[in-house]
Amino acid sequence: MPSTPSASSHDTPPENQRPGRNFIQQLIDADLAAGRYGGRVHTRFPPEPNGYLHIGHAKSICLNAGLAREYGGRFNLRFDDTNPAKEEQEYVDSIQEDIRWLGADWEDRLFFASDYFDQLYEWAVQLIQAGRAYVCDLDAEAMREHRGTLTEPGRACCYRERSVEENLDLFARMKAGEFADGTRTLRAKIDMASPNLNLRDPVMYRIKRAHHHRTGDTWCIYPSYDFTHGQCDSLEGITHSICTLEFENHRPLYDWFCDALGIHHPQQIEFARLNLSYTVMSKRKLLQLVTENHVSGWDDPRLLTLRGLRRRGYTATSIRAFCERIGVAKQYSVIDMAWLEDAIREDLNAHAPRAMGVLRPLKVVLTNLPADAERICQAANHPQQPDMGTREVPLTREIYIEQSDFLEDAPKKFFRLKPGGAVRLRSAGIIECGEMIKNAAGEVTEVHCTFDPDLTRKVKGTIHWVSARHAISAEVRLYDHLFAAENPDQTAEGGTFLDNLNPHSLEVLTTAKLEPSLGQVASGAHYQFERTGYFYVDPVDSQPGQPVFNRTATLRDSWAKAK
RNA sequence: UGGGGAAUAGUGUAACGGUAGCACGAAGGAUUCUGAUUCCUUUAGUCUAGGUUCAAAUCCUAGUUCCCCAGCCA
């Protein structure tokens, strides 16, 4: 996590008067002031290992780890692995990798809900003994019928009043594997008439013969989320159990189990999950995009998985900055995708070395230069940071410029190359437009110019270029939003979110011409190609001497907007 | 329809009975060998209707809109 800049003591207001504190910080401040939890702050991130982490998880990770850091507390990583049917070691590994990359540190506190299966079982027995849990023989459908609806109360089934002895016996036999999957459950005896459906005798254990990635076939019964989460928090000494809004209706249950068991009782706090425009975030949809090959995989740079973002060229710093900026509240909100782009631009603008790359080349011949001429130009690696040094860029008689930097019929405000005009070649000098060569279709295929090396001469426009003889060819991938609609879920009658896929979300350029220094770049390096954006050396498809560049983000372009 | 939550500039988020602020965006300008960056200026808001109060985004009443819940998923 980023370190908080230490404010000088004289201008730091008292703890309880600091402005701009989010509601969770305010809650914690109050807890601390009241001496709750012995002044401790202990948070956790509890993913289920059933998929890859995305930007929404990053919000939760930054929040939890950030709070622990801010209050000098602790942060745990705990896998909520209570449903072996969906969980895999692959996800356990990838999740840890992604969290580490993001920069959150759980130190030596890596836990699994499955670490606590024995304890959980004991607690279940304890609740049976206390007459607060019972074995129910209803199948799923019958249980649904008994549960009632939003407006009608549920009905108790005949198993609700079983004796403690019978429940103990049955539960032991459930564990021993005497019953088929789905034939019995252990339920908490709470209130079948509660207006909160979660309190209508929720399932604590179900019979499920599935191989668990950690406990193997030791168990054939598995605890439910509700019977697991609070107790795990409790066992780990968590003080503030932060989750998303959809668990609000589960909080009474969280509290009920902690109270019934008489164990350390952490406080559940809910916040609004992250929503972003032009994308989808649910695991189901992400999975569908991957399995149906709408994207190349979990790390497709158009996906907002942490792996996708990383491969796109997003830095962990930028994602943390983004999470900081969006804030935390209970209010439903949709963040504009542009905020993410701003965050990465901010980071890369400060740190990425500059280079020149022509995405869509147009040949320009500098007619007053001999064919074998080679001028060495000194180019700054970062105009605002001289420390980053300079590099040499060769200029020759034939160069490439960007097609969009030449216009035959240019508007008055067009500051680039046009007939009768002059423009600066970045770091090299001025060129003046001469003859245009056209093909049969009347398109300009080549422009002849004269070169003036005067570096002090003023002209309005500056364009990037590469020497044709020295240029390296590289594959460059340009990305746009994966979805064309701001809200992909908004579809015509009977449509699906897939109807909103943006057909132009990926454009592969195979004829880009890059300055020679870009021939030998490190996999995973970031560059700003001046005037065209930030690019990342794709770590998967790049070969030594044959880099593949992914465009992380464009530069802001007020000219494009003006047009 | 029952219950649980949430409504503040375009977006996001503060203000917790006493000056509605911040960030991003947008618009304009300055600087500039990136139409980038940087800098300056401007813009624009308390869901509605009542009420309490010297004073209401904040408290009260009624309404409106949005989100979540009827898995042996988490």
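In this structure a side-chain-to-backbone donor-acceptor pair under 3.5 Å is missing from A/Thr244 to A/Glu246.
Within the nucleic acid shown, A/Ile326 comes within 4.0 Å of sugar-phosphate atoms alone, with no base atom in reach, counting heavy atoms only. In this structure, A/Pro252 reaches neither bases nor backbone, as no heavy-atom distance under 4.0 Å exists between it and the strands shown. At the heavy-atom level, A/Gln26 lies under 4.0 Å from base atoms of the strands shown. Residue contacts shown for A/Phe414 include a base, since a base heavy atom lies under 4.0 Å away. At the heavy-atom level, A/Asn22 lies under 4.0 Å from the strands shown only through sugar-phosphate atoms. Residue contacts for A/His250: at a heavy-atom cut-off of 4.0 Å it reaches a base atom on one of the strands shown. Among the heavy atoms of the strands lying under 4.0 Å from A/Thr149 is at least one base atom, whether or not backbone atoms are also near. Across all strands, A/Leu150 comes closer than 4.0 Å to base atoms (heavy-atom distances). Within the 4.0 angstrom heavy-atom criterion, no nucleotide atom of any strand lies near A/Tyr222.
Proximity of A/Arg531 to the phosphate of B/G35: a side-chain N or O atom is located under 4.0 Å from OP1 or OP2. Side-chain N/O atoms of A/Lys283 include none lying less than 4.0 angstrom from OP1 or OP2 on B/C73. A sub-4.0 Å separation between OP1 or OP2 of B/U38 and a side-chain N or O of A/Gln384 is absent. The shortest distance between the side-chain N/O atoms of A/Lys458 and the OP1/OP2 oxygens of B/C33 is below 4.0 Å. At the phosphate of B/A74, OP1 or OP2 sits under 4.0 Å from a side-chain N or O atom of A/Thr82.
The separation of B/A14 from B/U37, taken at their P atoms, amounts to 28 Å, rounded to a whole angstrom. Separation of the C1' atoms belonging to B/U52 and B/C59 is 8 Å when rounded to the nearest angstrom. Comparing B/U13 with B/G29, their C1' atoms sit 29 Å apart, to the nearest whole Å. Rounded to a whole angstrom, the distance from the C1' atom of B/G12 to that of B/G45 is 13 Å. Taking atom C1' in both B/U42 and B/U32, the straight-line distance is 23 Å, to the nearest Å. B/G17 and B/A57 are spaced 11 Å apart, taking the C1' atom of each and rounding to whole Å.
For B/C73, its base never sits under 3.5 Å from the side chain of A/Glu48 at any donor and acceptor pair. Put simply, the side chain of A/Gln528 and the base of B/U34 share a donor and an acceptor less than 3.5 Å apart. For A/Arg556 against B/G35, a side-chain-to-base donor-acceptor contact under 3.5 Å is absent. No hydrogens or angles were tested; on distance alone, nothing pairs the side chain of A/His464 with the base of B/A36 as donor and acceptor under 3.5 Å. Judged by distance alone with a 3.5 Å cut-off, no donor-acceptor contact links the side chain of A/Glu248 to the base of B/A6.
If you measure from atom CD of A/Gln25 to atom P of B/C16, you get 16 Å, rounded to the nearest angstrom. If you measure from atom CE of A/Met337 to atom C1' of B/C24, you get 16 Å, rounded to the nearest angstrom. B/C72 atom P lies 11 Å from atom CG of A/Leu197, rounded to whole Å. B/C72 atom P lies 23 Å from atom NZ of A/Lys175, rounded to whole Å. Summarising the geometry, the separation between CG on A/Asn275 and P on B/C66 is reported as 16 Å, rounded to the nearest angstrom. Put simply, CD on A/Gln268 is 16 Å from P on B/G4, counting in whole angstrom units. Between the CG atom of A/Leu253 and the P atom of B/C68 there is a distance of 20 Å, given to the nearest Å. Rounded to an integer number of Å, the gap from A/Arg21 CZ to B/U13 P is 17 Å.
Checking each of A/Arg214, A/His213, A/Glu87 against A/Ser114 for a side-chain hydrogen bond (donor to acceptor under 3.5 Å, both in side chains) leaves exactly one that passes, namely A/Arg214.
Counting only heavy atoms from C-beta on, A/Thr151 has its side chain closest to B/G2 among B/C73, B/G2, B/U34. For A/Arg147, the side-chain atoms get nearest to B/G71 when compared with the rest of B/A74, B/G71, B/U34. Of the candidates B/G25, B/A74, B/G35, the closest approach to any side-chain atom of A/Asp342 belongs to B/G25. Of all nucleotides listed (B/U34, B/G71, B/C69), B/U34 comes nearest to the side chain of A/Arg426. Of the candidate nucleotides B/U34, B/A74, B/G71, B/G71 has the atom lying nearest to any side-chain atom of A/Arg144.
With sequence neighbours excluded, the residues satisfying side chain to side chain contact (heavy atoms under 4.5 Å, CB included) with A/Pro361 are A/Val358, A/Tyr400, A/Thr511, A/Lys513. Listed by chain and number, the residues in a side-chain hydrogen bond (donor to acceptor under 3.5 Å, both in side chains) with A/Ser234 amount to none (sequence neighbours excluded). Evaluation of the side chain to side chain contact (heavy atoms under 4.5 Å, CB included) rule for A/Thr462 yields A/Arg424, A/Arg426 as partners, not counting sequence neighbours.
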Indicate every side-chain donor-acceptor pair of residues 220-232 of chain A with a distance under 3.5 Å to a residue at least two apart or in another chain.
unit_1, atom_1, unit_2, atom_2, d
A/Tyr222, OH, A/Ala210, O, 3.2
A/Tyr222, OH, A/Trp219, O, 3.2
A/Ser224, OG, A/Val203, O, 2.7
A/Ser224, OG, A/Phe227, N, 3.4
A/Asp226, OD1, A/His250, ND1, 2.8
A/Asp226, OD2, A/His250, ND1, 3.3
A/Thr228, OG1, A/Ser224, O, 2.6
A/His229, ND1, A/Asp80, OD2, 2.8
A/His229, NE2, A/Arg44, NH1, 2.7
A/Gln231, NE2, A/Phe227, O, 2.5

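Remark: aromatic rings of A/Phe549 and A/Phe529 are close, center separation under 6.0 Å.
Lacking a ring centre under 5.5 Å from that of the base six-membered ring together with a plane angle below 30°, A/Tyr225 does not count as stacked on B/A74. In this structure, A/Tyr332 does not count as stacked on the base of B/A6 under the 5.5 Å centre distance and 30° plane angle limits.
Note that A/Arg187 lies outside the cation-pi zone of A/Tyr134, set by a 6.0 Å cut-off to the ring centre and a 45° limit from the axis. Stacking of A/Lys418 on the aromatic ring of A/Phe406 is not recorded, the 6.0 Å distance cut-off and the 45° axial limit not both being met. In this structure, A/Arg251 fails the cation-pi test against A/Trp256, since its NZ or CZ atom is not both closer than 6.0 Å to the six-membered ring centre and inside 45 degrees of the ring normal. A cation-pi arrangement is present between A/Lys175 and A/Tyr121 under the rule of less than 6.0 angstrom and at most 45 degrees off the ring axis.
Applying the 90° criterion around 0 to the glycosidic angle, B/G71 comes out syn.
Side-chain contact of A/Asn76 with A/Glu236: a donor-acceptor pair under 3.5 Å is present, judged by distance alone.
At a non-hydrogen distance threshold of 4.0 Å, A/Asn349, A/Arg354 from residues 344-361 of chain A come into contact with RNA chain B.
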- prompt: Which dot-bracket string describes RNA chain B (Watson-Crick N1-N3 plus N6-O4 or O6-N4, or G-U N1-O2 and O6-N3, all under 3.5 Å; [ ] crossing; | other strand)?
  reply: .((((((..((((....[..))))((((((.......))))))...(((((..]....))))))))))).....
